Number of protein chains: 2
Amino acid sequence: MFVGMTGTTENQQAARRSDATRATILAAARERFAADGYEKATIRAIARDAKIDPSMVMRYYGNKAGLFAEAVAIDPNLPGLPFEPREEIGRTLVRHFLTLWEENEELTALMRVGATDPAAAERMQSVLREQLIPLARRLGPEPDQAPARAALCASTVLGLALTRYVLRFPASMALGREEIVDWLGPTVQRYLTAPTP
Amino acid sequence: MFVGMTGTTENQQAARRSDATRATILAAARERFAADGYEKATIRAIARDAKIDPSMVMRYYGNKAGLFAEAVAIDPNLPGLPFEPREEIGRTLVRHFLTLWEENEELTALMRVGATDPAAAERMQSVLREQLIPLARRLGPEPDQAPARAALCASTVLGLALTRYVLRFPASMALGREEIVDWLGPTVQRYLTAPTP
DNA sequence: CTTGTTGGTCAACTCGTGTTGGCCTATGTT
DNA sequence: AACATAGGCCAACACGAGTTGACCAACAAG
């Protein structure tokens, strides 16, 4: 074992020819998962989009679950956000989430799948647990209220994502980016910093 | 044709013995659809829950789509809500939605399915179009802003339903009923009646 | 008692899915 | 030139889904 490879350049990134198709498959998978959800996005359809054989998907990603896992690997990276000015954190968060959603279609995929798959739902929850709640704990009054405040913020942005990117309500898609920030920003700001009503 | 039946009592509701199993099937279907979504809620599983044969489901409801259609037939009936006091409409709406969701598990089913099925998504959208937007038009300033305001309200309550009943985030399920009304009520109130920011 | 209707079960069919293993063809090394 | 290997395709398998139609058991009517 451990023989073969290209012979000369082994450990270093070898820039295999297959990396191109690997990437093509992953891109097609992201599109299909985002558009159709887990069950309806068949491996055959993904392979057709990538113009390769279904068995290649298995060779490169093991099985369908593995493909999905790699397709939706993403981190919102909330701790990297600027905290001040403190009274702008609501608008900053909303703007950040909008950008995130418009640049990564795998987030839509994650929501579509999370609606029926507990594992995907857990993945979303982990963002709340590990990033949003700590943020709420640092920003808001009464640290023990942090889970509640963070849950309200999550429900706000996920609700928008649901109506706009998943259900695709025309009235929600018609909203402009800054219009959304103007409406939701104060809401998130209040959930995070206002005293308990 | 038109012969047969029970002979004596034809047109009137005959109280067939099968009505009981019909109802049992429908109840089991609602539970399964709410818990698992459309694809994962198999006819075989529903039939097992109802303790009858899968073929009975077909006999009574034609096919799986027909069963789902009857299982999620529901109307939120927003026009029947009291409008005044006008500054309480936000809290009234939130309270109404909470009650709706806790009494009818088919709403959770509709959301789970709507995440991947355009037909179910359209069903949800029709509520927005035919009930929420008209309500926003009557309540808010600038009637041409009604779709935007209604969309924001929909995103608010659907976001809560998503995190609480579909994704089942513990932090969201931990919120008390009146706690939710206290937080979301003012939000919805502002979306409906506040001047454009 | 016979008979036709109703409520129900059983076993099978068909189709699409994820998944597997064998085979072919370049490509690059010796 | 000979050959090993990586990249790729093809055909098939196994399985679970929705759906169908033949058959069976009560039971009420004639």
Side-chain angles (χ1 to χ4, degrees), chain A residues 1-26 28-29 32-33 36-71 113 116-117 119, chain B residues 1-26 28-29 32-33 36-71 113 116-117 119:
Chain A
M1 52 285 295
F2 282 96
V3 298
M5 293 293 192
T6 329
T8 59
T9 60
E10 291 165 353
N11 285 358
Q12 310 89 310
Q13 64 284 19
R16 282 162 160 41
R17 189 157 45 90
S18 65
D19 290 352
T21 39
R22 269 193 75 105
T24 309
I25 292 175
L26 207 59
R32 280 285 176 183
F33 282 134
D36 301 336
Y38 191 79
E39 344 268 338
K40 291 169 127 165
T42 73
I43 289 198
R44 282 172 162 89
I46 293 170
R48 205 177 319 124
D49 289 357
K51 298 201 222 308
I52 45 91
D53 190 87
S55 62
M56 298 302 298
V57 178
M58 309 301 299
R59 205 203 276 278
Y60 288 148
Y61 295 97
N63 52 26
K64 192 181 182 181
L67 174 62
F68 180 76
E70 291 209 31
V113 176
T116 46
D117 178 26
Chain B
M1 51 282 296
F2 283 96
V3 297
M5 294 293 187
T6 330
T8 60
T9 61
E10 293 165 352
N11 286 356
Q12 310 87 309
Q13 64 284 18
R16 279 159 162 46
R17 189 158 42 94
S18 64
D19 290 352
T21 40
R22 269 193 74 106
T24 309
I25 293 175
L26 207 59
R32 280 284 177 181
F33 281 133
D36 301 336
Y38 191 78
E39 343 268 339
K40 291 170 130 166
T42 73
I43 289 197
R44 283 170 160 90
I46 293 170
R48 205 178 317 124
D49 289 356
K51 295 201 226 305
I52 43 92
D53 191 86
S55 61
M56 298 301 299
V57 178
M58 311 300 300
R59 213 209 272 282
Y60 288 150
Y61 295 97
N63 52 27
K64 193 181 182 181
L67 173 64
F68 180 74
E70 290 210 31
V113 177
T116 47
D117 177 24

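Naming convention: chains lettered A, B, ... in sequence-line order (proteins, then strands); numbering from 1 in each chain. Model, not experiment: these values are computed from the prediction.
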- Query: How many angstroms lie between atom OG1 of A:T24 and atom CG of A:D49, to the nearest 0.5 angstrom?
  - Reply: 11.0 Å
- Select base, sugar-phosphate, or nothing to describe what B:Y60 touches, counting heavy atoms under 4.0 Å on all strands. sugar-phosphate
- Main-chain N/O of B:M56 paired with B:D53 side-chain donor or acceptor, under 3.5 Å: no
- Query: What is the distance from CG of B:D19 to P of C:dG8, rounded to the nearest Å?
  - Reply: 10 Å
- Message: If I take atom CG in residue A:N63 and atom C1' in nucleotide C:dT17, what distance separates them, rounded to the nearest angstrom?
- Response: 14 Å
- Task: Identify, between B:K51 and A:I43, the residue whose nearest nucleotide on DNA chain C lies closer to the 5' end.
- Result: B:K51
- Query: Between C:dT17 atom C1' and A:M58 atom CE, what is the distance in whole Å?
  - Reply: 11 Å
- Query: Less than 3.5 Å between a donor and an acceptor, one on the side chain of B:R44 and one on the base of D:dG16, is that the case here?
  - Reply: no
- Task: Name the nucleic acid region contacted by B:T21, choosing base, sugar-phosphate or nothing; use a 4.0 angstrom heavy-atom cut-off, strictly under.
- Result: sugar-phosphate
- Message: Rounded to whole Å, please give me the gap between CZ in B:R48 and P in C:dC10.
- Response: 14 Å
- Message: Between A:Y38 (side chain only) and A:A65 (backbone N and O only), is there a donor and an acceptor less than 3.5 Å apart?
- Response: yes
- Task: Take atom CD1 of A:I46 and atom P of C:dT19, then tell me their distance rounded to the nearest Å.
- Result: 11 Å
- Nucleotide of C:dT9, D:dC10, C:dT17 approaching B:S55 most closely (side-chain heavy atoms): C:dT9
- With the side chain defined as heavy atoms from C-beta on, B:M56 is closest, among C:dG22, C:dT19, C:dG8, to C:dG8
- A:R32 CZ to C:dT17 P, in whole Å, measures 11 Å
- Task: Quickly work out the A:R59 CZ to D:dG8 P distance and round it to whole Å.
- Result: 9 Å
- Message: If you assign each of B:T42 and B:D53 to its closest nucleotide in DNA chain D, which residue comes earlier from the 5' end?
- Response: B:T42
- Query: For the side chain of B:Y61 and the backbone of B:R22, is there at least one donor-acceptor N/O pair under 3.5 Å apart?
  - Reply: yes
- Nearest to side-chain heavy atoms of A:K64, which nucleotide of D:dT19, C:dG18, C:dT9: C:dG18
- Query: Between D:dC9 atom P and A:I25 atom CD1, what is the distance in whole Å?
  - Reply: 9 Å
- Given the rule in the side chain to side chain contact (heavy atoms under 4.5 Å, CB included) test, do B:I52 and B:V57 qualify, once you have shown the distances and angles that lead to the verdict? CA-CA 9 Å; B:I52 43 92; B:V57 178; 4.1 Å; yes
